Every structure is written in structure tokens, then in C-alpha cells.
Amino acid sequence: MTAQTIEQETPVIEEPGKRFPWGKVISYAVLVIFSILYIGPLFMLVNASFKTLADFFKDPISPVSSINFDNYSSAWERANFSRYMLNSLVYTVAATTIFVVTSVFVAFPIARGLVKGAGALLTLYVVALFLPPALIPQFQLILNLGLYNTRIGYIFLFVVNPIGMIILVNYIKSIPRELDESAAVDGCGYFRFVWSVILPLIRPAVATVTVLHAIGIWNEIILPTIYLTSEDFYPITRGLIVFEGQYGSDWPGLAAAVLMLMLPMLVLFIVLQRFIIGGLTSGAVKG
Amino acid sequence: MAIELVKKDYLFGRGWKSWTPILLLLPGFGLYLIIAVGPSLATAVYSFTDATGIKGAPVNWIGFDNYDEFLFRGLASRDNIAALQRTLIFSVLVTGIQFSLGLALALLLNQKLKGKIFFRTLFFLPVILGAVIQGLMWKLFLLPNGGPVSEIFGLFGIESEFLGGQPTEAFLWVIAVQIWANVGITMVIFLAGMATIDEDLYEAARIDGAGGWDLFKSITWPQLTPAINTNFLLNIIGSLQAWQLFLVLIGYRPGTQVLGYEIFAQGFGQTGGVSAAFRQGFAAAASVVLFFIVLVLGLSANWFVTRRERKYLG
């Protein structure tokens with residue numbers, strides 16, 4: 001397989017029609033077969049969401065003949081999904097904003113070496129990637145601060161992100177230092193310089209970091225299980241799991257709920273694909 | 001004493017003005033210390049105590065008791081060792097398969113093919129959907145009676161309960177879903193690496209009469225070193241710590257859980273809340289054990305990739 005693959009990377013110039021492109025045909029075949037593993041579960045989900053419960057139990061996989069949205073409206077009513085969705089949105093927006101704003105002012109002096117020990121500070125962020133999540137002491141901290149089962153406490157857990165910090169630092173390093181000098185000569189203050197000169201210049205990195213961090217919060221399931229016991233505070237992930245626990249055998253309803261809650265992420269992903277993939281691969285290939 | 005915190009060549013003002021960067025750095029860095037670094041280090045301290053999950057309960061210093069119990073004492077310790085072994089098996093299988101599959105997909109999609117953006121997007125999609133949606137999708141897809149996979153297996157005369165079956169079987173399905181969900185990251189990192197390889201290298205080698213396999217062995221593989229290292233380390237560390245899919249797909253079932261899940265179950269019960277029955281000291285000790293495994297395997301992997309890097313990149 002590999003052999004054909006490489007050969008096709010830049011086709012050798014040859015007389016047209018000389019050879020049947022076996023490499024390409026086999027590549028397509030493998031890709032299409034593999035795609036079934038990705039389209040299949042999605043199709044099953046959509047299909048099930050249009051079935052009545054009786055139809056589903058009779059035959060879960062036959063394609064539906066008519067589309068009706070009853071499962072969607074009833075799932076939406078049975079669980080408090082609009083509340084969950086709003087909660088997720090509040091947590092994600094609040095924590096991401098705090099994280100990005102505070103991080104820019106940490107990343108800039110580290111990238112420029114403005115403060116003594118900037119290298120050590122950066123190391124402290126890199127080391128964190130290897131440490132196990134500090135679940136237990138974090139829990140004790142939140143508990144003793146009286147922030148257990150509160151919105152503030154939950155947001156507090158998400159206001160740092162070492163990978164995001166490293167991406168920001170690396171990007172700022174690519175901004176020429178001459179800019180700092182000319183701004184300083186013009187009498188621009190530090191805060192104004194970072195906020196209104198640097199921040200717009202590092203927009204691509206900020207976008208990447210924002211999206212990565214937001215996705216992490218939106219999809220989190222362990223921390224809401226640990227920290228949020230009131231149903232009023234559930235984000236959608238926890239809401240879905242609880243809904244599954246209650247209506248586990250009602251697959252059509254569950255499928256409709258999953259799809260409704262998946263939609264925002266799907267749209268966001270398609271719009272912001274470039275930043276997401278760019279962020280995940282930045283720094284990964286430079287060595 | 002701390003006056004020297006800002007470097008001498010600081011541009012934006014003298015005197016008190018030179019303190020601005022420090023003051024603005026403090027909120028972000030302070031939060032990082034309080035939420036991430038501090039608790040990480042404190043895990044070691046808690047592992048020597050009998051802390052529970054309620055506020056204000058007395059916490060006693062109990063030395064190495066938690067470790068002793070976790071590793072050596074009776075039946076429970078045998079379960080813990082089994083969970084530990086399962087963590088390693090999970091990590092080795094996930095790393096090995098995800099790495100190879102990600103590389104194969106990247107090689108396929110690095111050709112001039114119509115629709116390659118579509119395939120790339122499709123394979124990457126689960127990454128952004130998160131464990132809950134990934135898990136629920138596969139729970140439905142793996143429905144034992146009349147589900148699609150069950151029907152296909154039926155054609156070959158295989159009957160299976162999938163996630164509800166024997167512990168080993170359920171465990172293997174979680175591995176499959178874990179790889180399915182994350183192979184997209186491995187793939188895009190490889191693709192980004194391939195994009196940096198100079199096309200002229202292939203051209204020159206082809207003129208010398210090199211075939212496909214030669215090109216892969218002597219150009220793609222060595223040139224891909226940074227991406228290979230990143231993927232290898234990310235996969236090992238990630239898979240040792242991953243257990244969210246166990247939670248969504250099969251829940252806490254004897255004979256299936258990995259160390260991460262064990263820590264959660266001991267420290268927080270299985271459903272969350274606040275309780276005196278939570279054994280947080282014990283869970284902290286288990287976290288420290290997991291940390292050492294990540295450290296040892298991470299460092300060995302790192303030693304291995306650095307040696308490889310020296311060989312290929314000088």
C-alpha cells in the first residue's frame with residue numbers, strides 16, 4: 001500500500017494513458033472503506049432520530065421512509081436542554097475570555113524575555129503537560145473556598161491552559177522586536193502597546209488558542225461530574241449523560257438529543273477548521 | 001529586593017512604570033500556580049493522608065499506608081495491579097495502532113486526490129465532538145440486537161454483546177472507539193509534517209531510480225522525524241491518562257477499568273457529590289503511581305526519539 005502511495009505524491013511525467021493508475025484506485029478504495037466507519041455511526045444516529053420507538057425496536061437500521069421531528073421536540077422538552085446549552089455557553093465564554101486576556105500578558109513578557117527568569121517560567125508551563133491532572137487537591141481547594149457546586153467555582157477550573165500559553169509564546173516570538181522599540185520611542189505605554197499593537201498582530205494564534213480552549217470546556221465531562229450536582233448548573237455533556245441514564249432505552253429520543261447538541265460544534269468546526277487543525281499541528285512539526 | 005525583576009533594557013518607562021509587566025503578568029501566572037501547579041504538587045502531599053470528600057473533616061498523616069494498600073494489601077490490591085496492567089495494555093495498543101493508522105491515512109491523503117479535504121475533515125471530526133458524543137454514537141452503532149455492527153457480525157455467524165459482553169470484549173471495543181476518535185489528530189500532525197518535506201528530494205531520488213518504498217524509507221520517514229516524535233509522545237502520554245470513553249461507553253465495571261477511572265471512582269465515587277466515603281488520600285496515591293508510569297514511559301519514549309533524531313538529523 002505504502003509503495004503506491006508515495007509514488008503518487010508527484011506523478012512521474014509520462015506519456016498520457018500509458019498506465020492505469022492502480023495506486024489511486026487502491027487509495028480511494030481504502031479511504032472509502034475507512035469512511036464508512038465515520039459516516040456509518042453518524043447516519044445511524046440521524047436515521048434513528050426520525051424513528052418512532054416502536055419502529056426502532058422492530059428494526060433499528062432500516063432507513064426511515066418519512067422524516068418527522070417529534071423526537072426532537074419531545075427530547076428537548078423532557079430534559080432541560082435549553083438551560084444546559086446556556087450553561088455550557090456561559091462557562092465556555094467566561095473561562096475562555098479570562099484565560100485569553102490574562103495569558104496574553106503572561107506570554108508577551110516571557111516571549112520577549114522582559115522579566116528575569118522568563119525561561120524558567122516557560123519551563124513551568126511545558127512541565128505541566130506531563131503532570132497528571134491534579135484532581136484531588138483541586139477538589140479540596142474548591143471545596144474549602146466554598147465554591148463547590150457553583151458556577152464561579154466551575155469556571156475557575158478552566159482559566160488556565162499550558163498548551164495555549166506555549167502556542168502564544170511561540171507566536172509572539174515571530175513578531176519583530178523593532179516594533180517594541182519604535183512604539184516605546186513614540187511614548188506608547190506598556191499596556192497600550194500589548195493591548196492595541198501586539199494583540200491584533202497575534203490574532204491567528206489567539207484564534208487558535210481560543211477555539212482549542214473553548215472546545216475543551218464545551219466537551220468536558222469529568223469535571224462537571226465531580227463539581228456540579230445541581231441540575232440547574234449542568235452543562236450539556238452532563239445533561240446528556242443524565243438523560244441517557246433516565247431514558248437509556250429510548251434511542252430515538254437520545255439520538256435526537258445528541259444531534260441537537262452536536263450541531264453547534266459541527267457548524268463551528270466547519271467554519272473554523274483552519275484554526276483548529278493549525279493549532280493542533282503548530283509546533284508539532286518543527287522539532 | 002525584587003526591584004531587579006524587570007530587565008535593564010526595558011523600553012516602556014523607568015521607575016514605577018517598569019513594574020507594569022510584572023503587575024499584568026501576575027493574574028495569569030497566579031491563577032496558573034493556584035489551579036494547576038500547586039494542586040499538581042500537592043497530590044504528593046495528599047497521598048500520605050486519609051483525606052475524604054467533605055469540608056472540614058480531620059485529615060491525618062498516615063505515611064505510606066495508601067501506597068502499601070494500593071500495591072500490596074489483599075484482594076483489592078490485586079484489582080489495582082490488574083487496572084495498572086490494563087492501563088499499560090490500553091496504552092500500548094492505542095499508541096501502536098493509532099500511530100500506524102494515522103501514518104497510513106496521512107500517506108494516502110498526501111497524494112493529489114480529489115476529495116482529500118473531505119476525507120481529512122471526516123476523519124478529524126470526532127476529535128472536536130468530545131467523549132460524550134463519540135461514546136453515545138458508538139453505543140448506538142454497537143447496539144447488540146439488530147444494530148448495524150451486530151448485523152454485519154451476524155453475517156459471519158458471530159454473536160456478540162459488544163460493550164455489554166465479557167469484560168475483555170468490552171475493553172477491546174473501548175480501545176477501538178478510542179482510536180477511531182483520536183486517529184484524526186495523529187493524521188493531521190503527520191500531514192503537517194509531510195507538507196514541510198522538500199519536493200526536490202523526491203525528484204532527485206526518482207532520477208536516481210528510487211522506487212516507492214525507497215522514497216518512503218530514505219526520505220519520508222527520516223524527514224518526518226519531528227512529527228513522528230510528537231505523535232509518539234502525545235499518543236503514549238495521552239493514552240495513559242485517557243479514560244473518559246470508559247465512563248461513557250461501559251461505566252464502572254469490574255474487570256474493565258483503567259487506572260484513571262480507578263482514581264476517579266475512589267476519590268469521587270462514581271456519580272460525584274460530596275461524601276465522607278470518598279477516599280481522596282488513596283486516590284491521590286494512585287495518581288502518584290500513574291504519574292510515575294507516565295514519567296518513566298514518557299522519558300523512555302523521549303530518550304528513544306532523541307536518539308533517533310540524532311541518527312537522522314545529526
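The model shown is predicted, which means the values in this text are computed figures rather than measured ones. Residue numbers start from 1 in every chain, and the chains themselves are labelled A, B, ... in the order their sequence lines are given, proteins ahead of strands.
- For B:Leu26, no part sits under 4.5 Å from any heavy atom of chain A, backbone or side chain.
- With rounding to the nearest 0.5 angstrom, the CG atom of A:Leu45 is 13.5 Å from the NZ atom of B:Lys139.
- Inter-residue side-chain proximity for B:Phe29 and A:Thr102 is flagged as unmet; no heavy-atom pair is nearer than 4.5 Å.
- Aromatic pair B:Phe12/A:Phe191: centroids not less than 6.0 angstrom apart.
- Taking CG of B:Leu109 as the reference point, atom CG of A:Leu31 lies at 5.0 Å (rounded to 0.5 Å).
- In this structure, the separation between CD1 on A:Ile236 and CD1 on B:Ile133 is 6.0 Å, given to the nearest 0.5 Å.
- Contacts of B:Leu247 with chain A are made by side-chain atoms alone, with heavy-atom separations under 4.5 Å and no backbone atom involved.
- Here the side chain of B:Tyr32 pairs no donor or acceptor atom with the backbone of A:Ser103 at under 3.5 angstrom.
- In this structure, the portions of A:Leu124 lying under 4.5 Å from any heavy atom of chain B include both its backbone and its side chain.
- When heavy atoms are compared at a cutoff of 4.5 Å, A:Phe99 does not approach chain B at all.
- Expressed to the nearest 0.5 Å, how far CG of B:Leu108 lies from OG of A:Ser27 amounts to 5.0 Å.
- A:Lys24 places a side-chain N or O within donor-acceptor distance of the main-chain N or O of B:Lys112, the cut-off being under 3.5 Å.
- Judged by distance alone, with hydrogens and angles left aside, the side-chain atoms of A:Gln140 form a donor-acceptor pair with the main-chain N or O of B:Thr52 at under 3.5 Å.
- Residues B:Phe119 and A:Val32 have side chains in contact (heavy-atom distance under 4.5 Å, counting atoms from C-beta outward).
- Note: B:Tyr10 and A:Tyr190 have tilted aromatic rings, judged against thresholds of 30 and 60 degrees for the angle between ring planes.
- Contact of B:Leu113 with chain A is made through backbone and side chain together, with heavy-atom distances under 4.5 Å.
- In terms of modelled atom types and a separation under 3.5 Å, the side chain of A:Tyr38 and the main chain of B:Trp180 share a donor-acceptor contact.
- Taking OH of B:Tyr46 as the start and CD1 of A:Ile136 as the end, the distance is 9.5 Å to the nearest 0.5 Å.
- For the pair A:Asn219 (side chain) and B:Ile128 (backbone), a donor-acceptor distance under 3.5 Å is present.
- Under a 3.5 Å cut-off, the side chain of A:Gln138 and the backbone N or O of B:Ala36 do not form any donor-acceptor pair.
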